[in-house]
Amino acid sequence: MFGWTLVSNSTDLAAIPVPVGGNSPTRRAWARFRRNRLGYWSLLVFCAVVLLSLAAELISNDRPLLVRYQGQFYVPVLQDHAETTFGGDFQTPTDYLDPFIRDQLAQPGNWVVYAPNPYGPKTLNYFAKSPNPSAPSRDNWLGTDDRGRDMLAQLIYGFRVSVLFALALTVTGVVLGVLTGAVQGYFGGKTDLAFQRFIEIWSAMPELYLLIIFSAVFAPSLALLLVLLSLFGWMGLSDYVRAEFLRNRQLDYVRAARALGVGNWQIIRRHVLPNSLTPVVTFLPFRMSGAILALTSLDFLGLGVPPGTPSLGELLSQGKNNIDAWWISLATFAVLVVTLLLLTFMGDALRDALDPRKAEQ
């Protein structure tokens with residue numbers, strides 16, 4: 001699309017068409033990404049599933065979302081209520097799966113709004129009609145695990161834990177990788193040499209052994225796991241950023257900025273870094289899929305999240321230990337495969353969109 005501008009010279013006025021808007025490199029890359037239908041729809045589906053998992057308490061919860069009992073309103077999803085509130089005999093928190101409580105809430109004049117799946121990630125249904133692990137049924141759509149927890153709730157909350165952990169690990173790795181790669185590539189010389197020797201030594205550290213040692217010394221937690229994996233996850237990305245900085249620091253616009261007296265860190269931030277982020281953006285989906293696999297593997301080995309935390313790796317371990325309970329392995333494997341496929345399709349589409357050979361298309 002073109003606009004018109006008037007250019008004056010010594011003889012006449014000429015109307016010259018000039019492009020206006022919509023033609024920046026970012027817009028062209030986004031247009032190429034959207035043309036890849038598989039990658040584009042994978043992005044939409046993945047974002048939708050992540051948003052649904054963030055609202056897991058409204059989708060799968062053993063507490064009702066809203067209760068009207070004897071003319072008063074209660075919001076159990078936000079606050080505990082004693083059993084005596086609803087006609088029970090004890091001051092303990094209400095078990096809303098208890099048939100007596102359900103009968104009380106079903107009395108005329110009372111009403112209750114349950115979540116679509118009335119089970120939480122730690123809910124043990126003591127009133128189940130079949131032994132655990134139980135096969136899929138009308139009460140438990142995907143069955144239960146060997147502890148009696150609802151599989152659908154475990155998968156929803158476990159997926160959320162995995163994605164949020166992968167996102168945090170990816171962001172941490174990107175920050176450290178970009179910082180170290182930028183320093184190496186821009187300053188070069190002895191700085192680059194010292195960093196390279198440090199990376200060679202650090203990468204030789206036995207990561208799995210360190211995880212085993214720290215898991216035995218400290219109480220397992222997601223924060224500890226994030227710190228340990230972040231110590232090693234930045235090195236792969238650092239090499240790509242270093243290579244981009246080594247190439248871009250010799251270009252004319254960087255030399256011109258130096259000649260004008262612009263400081264090194266300002267040149268890095270304003271000039272070199274924005275033109276060196278292509279490998280960073282391209283590898284983001286692949287780094288997230290790697291982080292999800294890392295957490296799942298560690299949970300499968302018992303070195304991951306604290307006991308009781310919803311975990312895809314723990315469900316895979318249960319499936320291995322309960323071969324007859326096919327629904328545990330099948331459902332967990334399906335969630336992992338679909339998640340990794342979506343991230344892979346997104347990464348492939350992003351890589352093609354940012355390919356410099358297609359920049360003019």
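Exactly one residue among Val272, Leu260, Leu273 makes a side-chain contact (heavy atoms from CB on, under 4.5 Å) with Ile267. That residue is Val272. With Thr282 as the partner, the side-chain contact (heavy atoms from CB on, under 4.5 Å) test is satisfied by one option alone out of Leu277, Asp352, Leu354: Leu354. When the options Val337, Val338, Leu343, Thr339 are evaluated for a side-chain contact (heavy atoms from CB on, under 4.5 Å) with Leu341, the one that passes is Val337.
Hydrophobic clustering, with ILVMFWY side chains joined whenever heavy atoms are under 4.5 angstrom apart, groups Ile212 together with Leu226. Under the 4.5 Å side-chain heavy-atom criterion for grouping Ile, Leu, Val, Met, Phe, Trp and Tyr, Leu225 is not connected to Val227 through any hydrophobic cluster. Both Val50 and Met346 belong to a single network of hydrophobic side chains, linked directly or stepwise wherever heavy atoms of I, L, V, M, F, W or Y lie under 4.5 Å apart. Leu350 and Leu43 end up in the same hydrophobic cluster when Ile, Leu, Val, Met, Phe, Trp and Tyr side chains are linked at under 4.5 Å. Cluster annotation: Leu38 and Phe286 are assigned to distinct hydrophobic clusters (Ile/Leu/Val/Met/Phe/Trp/Tyr, side-chain heavy-atom contacts under 4.5 Å, transitive).
The closest side-chain heavy-atom distance from Arg255 to Gln250 is below 4.5 Å. At a threshold of 4.5 Å between non-hydrogen side-chain atoms, the residues Asn140 and Arg149 do not count as touching. Residues Arg242 and Asp192 have side chains in contact (heavy-atom distance under 4.5 Å, counting atoms from C-beta outward). The shortest distance between side-chain heavy atoms of Gln104 and Glu83 does not fall below 4.5 Å. Looking at heavy atoms from C-beta onward, Asn132 lies out of side-chain contact with Asp146 at the 4.5 angstrom threshold. Contact annotation: the side chain of Gln184 never approaches that of Thr191 to less than 4.5 Å [non-hydrogen atoms, C-beta and beyond]. Put simply, the side chain of Ile292 reaches to within 4.5 Å of the side chain of Leu336, judged on heavy atoms. Residues Ile199 and Trp234 meet the side-chain proximity criterion, which asks for heavy atoms closer than 4.5 Å.
Ring planes of Tyr186 and Phe245: perpendicular class, angle over 60° (limits at 30 and 60°). Note on ring orientation: taking the six-membered ring where Trp is involved, the planes of His81 and Tyr74 are perpendicular (angle over 60°, cut-offs 30° and 60°).
For the pair Arg63 and Pro76, the tightest heavy-atom approach, listed with the atom from each and the gap, is CD-O, 3.1 Å. Between Tyr240 and Pro279, the shortest heavy-atom contact is CB-CB, 3.9 Å. For Tyr69 against Leu105, the heavy-atom pair with the smallest separation is CD1-CD2, 4.0 Å. When all heavy atoms of Phe33 and Ala349 are compared, the pair lying nearest together is CE1-CB, 3.5 Å.
Side chain of Thr94 to main chain of Ala82: a donor-acceptor pair is present (N/O by atom type, distance under 3.5 Å, no hydrogens or angles). Between the side chain of Asp299 and the backbone N or O of Val305, at least one donor-acceptor pair lies under 3.5 Å. Looking at Asn36, its side chain never comes within 3.5 Å of a backbone N or O of Arg32 through a donor-acceptor pair. Side chain of Arg287 to backbone of Gly233: a donor-acceptor contact under 3.5 angstrom is found. Side-chain atoms of Thr332 do not come within 3.5 Å of backbone N or O of Leu316 as any donor-acceptor pair. Between the side chain of Ser60 and the backbone N or O of Tyr119, at least one donor-acceptor pair lies under 3.5 Å. Side chain of Gln107 to main chain of Asp103: a donor-acceptor pair is present (N/O by atom type, distance under 3.5 Å, no hydrogens or angles).
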Going through the checks in order, is the salt bridge (Lys or Arg N to Asp or Glu O under 4.0 Å) test met by Arg351 and Asp348? CA-CA 5 Å; Arg351 181 182 58 195; Asp348 288 340; 3.1 Å; yes
Pair Asn248, Glu244 - check side chain to side chain contact (heavy atoms under 4.5 Å, CB included), show working. CA-CA 6 Å; Asn248 291 331; Glu244 289 291 318; 4.0 Å; yes
May I have the step-by-step check of side chain to side chain contact (heavy atoms under 4.5 Å, CB included) for Tyr40 and Phe345, ending in yes or no? CA-CA 8 Å; Tyr40 179 65; Phe345 293 149; over 6 Å; no
With salt bridge (Lys or Arg N to Asp or Glu O under 4.0 Å) as the criterion, how do Lys122 and Asp62 come out once you've worked through the C-alpha distance, each side chain's angles and the decisive distance to 0.1 Å? CA-CA 9 Å; Lys122 300 180 180 180; Asp62 58 353; over 6 Å; no
Using the side chain to side chain contact (heavy atoms under 4.5 Å, CB included) rule, take Asp98 and Tyr126 through it: C-alpha gap first, then chi angles, then the decisive distance, then the call. CA-CA 8 Å; Asp98 189 337; Tyr126 296 104; over 6 Å; no
Run Leu142 and Trp327 through side chain to side chain contact (heavy atoms under 4.5 Å, CB included) and show every step you take. CA-CA 7 Å; Leu142 296 181; Trp327 54 90; over 6 Å; no
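Other residues, nucleotides and ligands contribute more than 12 heavy atoms inside 6.0 Å of the CG atom of Asn321. Atom CZ of Phe333 is surrounded by 12 or fewer heavy atoms from other residues, nucleotides or ligands within 6.0 Å. Atom CZ of Arg270 sits in a sparse spot, with 12 or fewer heavy atoms from other residues, nucleotides or ligands closer than 6.0 Å.
Thr144 contributes atom OG1, which lies 7.0 Å from atom CD1 of Ile328 (distance to the nearest 0.5 angstrom). A distance of 9.0 Å separates CG in Leu330 from CE in Met151, rounded to the nearest 0.5 Å. Here CD of Gln154 is found 10.0 Å from OG1 of Thr309. Values are rounded to the nearest 0.5 Å. Residue Leu152 holds its CG atom at 10.0 Å from OH of Tyr157, rounded to the nearest 0.5 Å. We find the CD1-OG distance between Ile323 and Ser329 to be 6.0 Å, quoted to the nearest 0.5 Å. The line from CG of Leu208 to CD1 of Ile213 is 10.0 Å long, rounded to the nearest 0.5 Å.
Partners of Phe214 under the ring pair (Phe, Tyr, Trp, His ring centres under 6.0 Å) rule, at least two apart in sequence or in another chain, are Phe218.
Taking the ring axis of Tyr114 as reference, the NZ or CZ atom of Arg102 stays within 45° of it and closer than 6.0 Å to the ring centre.
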Review item, side-chain donor-acceptor pairs of residues 160-181, under 3.5 Å, at least two apart:
from   : atom 1 : to     : atom 2 : distance (Å)
Arg160 : NH1    : Ser53  : O      : 3.4
Arg160 : NH1    : Leu54  : O      : 3.4
Arg160 : NH1    : Glu57  : OE1    : 3.1
Arg160 : NH1    : Glu57  : OE2    : 3.4
Arg160 : NH2    : Glu57  : OE2    : 2.9
Ser162 : OG     : Gly158 : O      : 3.0
Thr170 : OG1    : Ala166 : O      : 2.7
Thr172 : OG1    : Ala168 : O      : 2.8
Thr180 : OG1    : Leu176 : O      : 2.9
Thr180 : OG1    : Gly177 : O      : 3.2
Thr180 : OG1    : Ser238 : OG     : 3.1

